[in-house]
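Below is one structure; the comments refer to it alone.
Side chains included, hydrogens not; waters and symmetry mates left out as well; all remaining heavy atoms used.
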Amino acid sequence: MAEKPTSTQCIGPSHRPAGQKPSATVSAEVAFENVRVLPQTPQLIALLSMIRNKNTERADFIFYSNRIIRLLVEEGLNHLPVIEHDITTPVGRTYNGLMFQGKICGVSIMRAGEAMEQGLRDCCRSVRIGKILIQRDEDTAQPKLFYDKLPEDIADRWVLLLDPMFATGGSAIMAVQVLKARGVPEDHILFLNIIASPEGLKKFATKFPRLKVVTAFIDQGLDEKNYIIPGLGDFGDRFYTI
Ligand code: URA
């Protein structure tokens with residue numbers, strides 16, 4: 001089933017009637033069970049408006065991107081397995097809690113994915129982080145694996161795969177193939193990204209139905225240069241000094 005296009009909706013505090021809320025473009029809906037789009041809250045839309053704005057300066061771009069990345073990581077962690085964990089509070093009462101089960105690691109798709117590493121470290125102390133470099137092969141025009149450095153025991157870990165812009169899906173598909181070849185089960189991979197194209201998502205979600213994608217927004221599509229539209233331009237160029 002194809003994704004629905006982005007639409008304009010009234011977004012604002014719940015105490016205001018619809019007619020008094022400002023309207024904004026929200027994410028396209030998704031038709032794939034393994035894709036989770038963050039709730040389109042006023043806060044998220046305001047953060048996205050900052051980083052999409054071509055006039056936003058680098059320091060602000062980094063600050064607001066980091067806030068969205070944090071939301072993505074927090075949501076991604078909700079998809080990891082937990083077990084019951086009862087604890088005793090300082091006043092001697094029992095609290096029926098939970099604890100995460102299993103080991104995790106991050107894997108960033110270089111270079112833009114490295115921008116998401118700090119957000120993961122902020123939530124998961126001492127987390128192991130691997131890297132994958134995939135670039136377009138000049139001869140074949142296909143994505144090619146240039147470099148990878150992954151934890152040796154990655155097959156025993158849940159992997160949070162990091163890349164902020166999910167355009168054609170070529171790099172992400174190759175990254176997942178590398179992870180699977182190292183023994184990571186497909187359903188142990190969570191792919192976190194800020195903005196996804198419907199084309200990339202469809203290809204990816206169909207190819208890897210057991211893998212979970214968490215994204216902040218599904219945009220309208222791709223332009224002739226495979227930039228996401230309306231998008232935010234080149235994430236790596238805006239996050240890093242060039
Ligand atoms: N990578 C980016 O940084 N931006 C896009 O629009 C697509 C891929």
With heavy-atom distances below 4.5 Å as the criterion, would you say the side chains of [X] and [Y] are in contact?
{"X": "Met110", "Y": "Phe146", "answer": "no"}
{"X": "Arg36", "Y": "His79", "answer": "yes"}
{"X": "Leu160", "Y": "Val127", "answer": "no"}
{"X": "Arg182", "Y": "Asp148", "answer": "yes"}
{"X": "Ser7", "Y": "Val26", "answer": "yes"}
{"X": "Leu145", "Y": "Met174", "answer": "yes"}
{"X": "Arg52", "Y": "Asp219", "answer": "yes"}
{"X": "Arg238", "Y": "Thr56", "answer": "yes"}

Say you draw a straight line from [atom1] of [X] to [atom2] of [Y]; how long is it, rounded to the nearest 0.5 Å?
{"X": "Arg16", "Y": "Lys21", "atom1": "CZ", "atom2": "NZ", "result": "9.5 Å"}
{"X": "Ile87", "Y": "Leu98", "atom1": "CD1", "atom2": "CG", "result": "11.0 Å"}
{"X": "Asn55", "Y": "Asp60", "atom1": "CG", "atom2": "CG", "result": "11.5 Å"}
{"X": "Cys105", "Y": "Arg157", "atom1": "SG", "atom2": "CZ", "result": "6.0 Å"}
{"X": "Phe61", "Y": "Asn66", "atom1": "CZ", "atom2": "CG", "result": "10.0 Å"}
{"X": "Leu120", "Y": "Arg70", "atom1": "CG", "atom2": "CZ", "result": "10.5 Å"}

Worksheet item: Does the gap between the ring centers of Phe204 and Phe166 come in under 6.0 Å?
Response: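 Under 6.0 Å, so yes.
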Under a single-linkage definition using a 4.5 Å side-chain heavy-atom cutoff for Ile, Leu, Val, Met, Phe, Trp and Tyr, are [X] and [Y] assigned to the same hydrophobic cluster?
{"X": "Leu44", "Y": "Leu77", "value": "yes"}
{"X": "Tyr64", "Y": "Ile11", "value": "yes"}
{"X": "Ile132", "Y": "Ile173", "value": "yes"}
{"X": "Tyr227", "Y": "Ile218", "value": "no"}
{"X": "Phe239", "Y": "Leu133", "value": "no"}

Do [X] side-chain atoms and [Y] backbone N/O form a donor-acceptor pair below 3.5 Å?
{"X": "Asp156", "Y": "Lys103", "result": "no"}
{"X": "Lys180", "Y": "Glu186", "result": "no"}
{"X": "Asn34", "Y": "Leu211", "result": "yes"}

Discussion item. Tell me whether the count of non-hydrogen atoms from other residues, nucleotides or ligands lying under 6.0 Å of CZ in Arg136 goes above 12.
Written reply: no
Discussion item. Between Ile69 and Leu192, is the side-chain contact (heavy atoms from CB on, under 4.5 Å) condition met? List the steps.
Written reply: CA-CA 8 Å; Ile69 291 163; Leu192 307 186; over 6 Å; no
Heavy-atom closest contact ([X] atom, [Y] atom, distance):
{"X": "Ser197", "Y": "Ile228", "value": "N-CD1, 4.3 Å"}
{"X": "Pro151", "Y": "Gly130", "value": "CD-CA, 4.2 Å"}
{"X": "Tyr240", "Y": "Ala115", "value": "OH-N, 3.0 Å"}
{"X": "Ala205", "Y": "Val35", "value": "CB-CG2, 4.1 Å"}
{"X": "Gly76", "Y": "Leu190", "value": "O-CD1, 3.2 Å"}
{"X": "Ala172", "Y": "Leu161", "value": "O-CD2, 4.5 Å"}

Discussion item. Using the rule given for side-chain contact (heavy atoms from CB on, under 4.5 Å), can you reason through Phe235 versus Ile194, listing the C-alpha separation, both sets of side-chain angles and the distance that settles it, and then say yes or no?
Written reply: CA-CA 10 Å; Phe235 187 95; Ile194 298 179; 3.8 Å; yes
Discussion item. Is there a salt bridge (Lys or Arg N to Asp or Glu O under 4.0 Å) between Asp237 and Arg58? Walk through the geometry before answering.
Written reply: CA-CA 9 Å; Asp237 286 355; Arg58 186 169 161 262; over 6 Å; no
Item to complete: List the steps and the verdict of side-chain contact (heavy atoms from CB on, under 4.5 Å) for Glu84 and Asn96.
Response: CA-CA 7 Å; Glu84 291 178 4; Asn96 305 125; over 6 Å; no
Item to complete: Give a yes-or-no answer on whether the side chains of Asn193 and Thr215 include a donor-acceptor pair shorter than 3.5 Å.
Response: yes
Item to complete: Consider only side-chain N and O atoms of Glu74 and Asn78, and report whether a donor and an acceptor are under 3.5 Å apart.
Response: no
Practice prompt. Could you check Leu179 against His188 for side-chain contact (heavy atoms from CB on, under 4.5 Å), going step by step and ending with a plain yes or no?
Written response: CA-CA 10 Å; Leu179 296 175; His188 282 203; over 6 Å; no
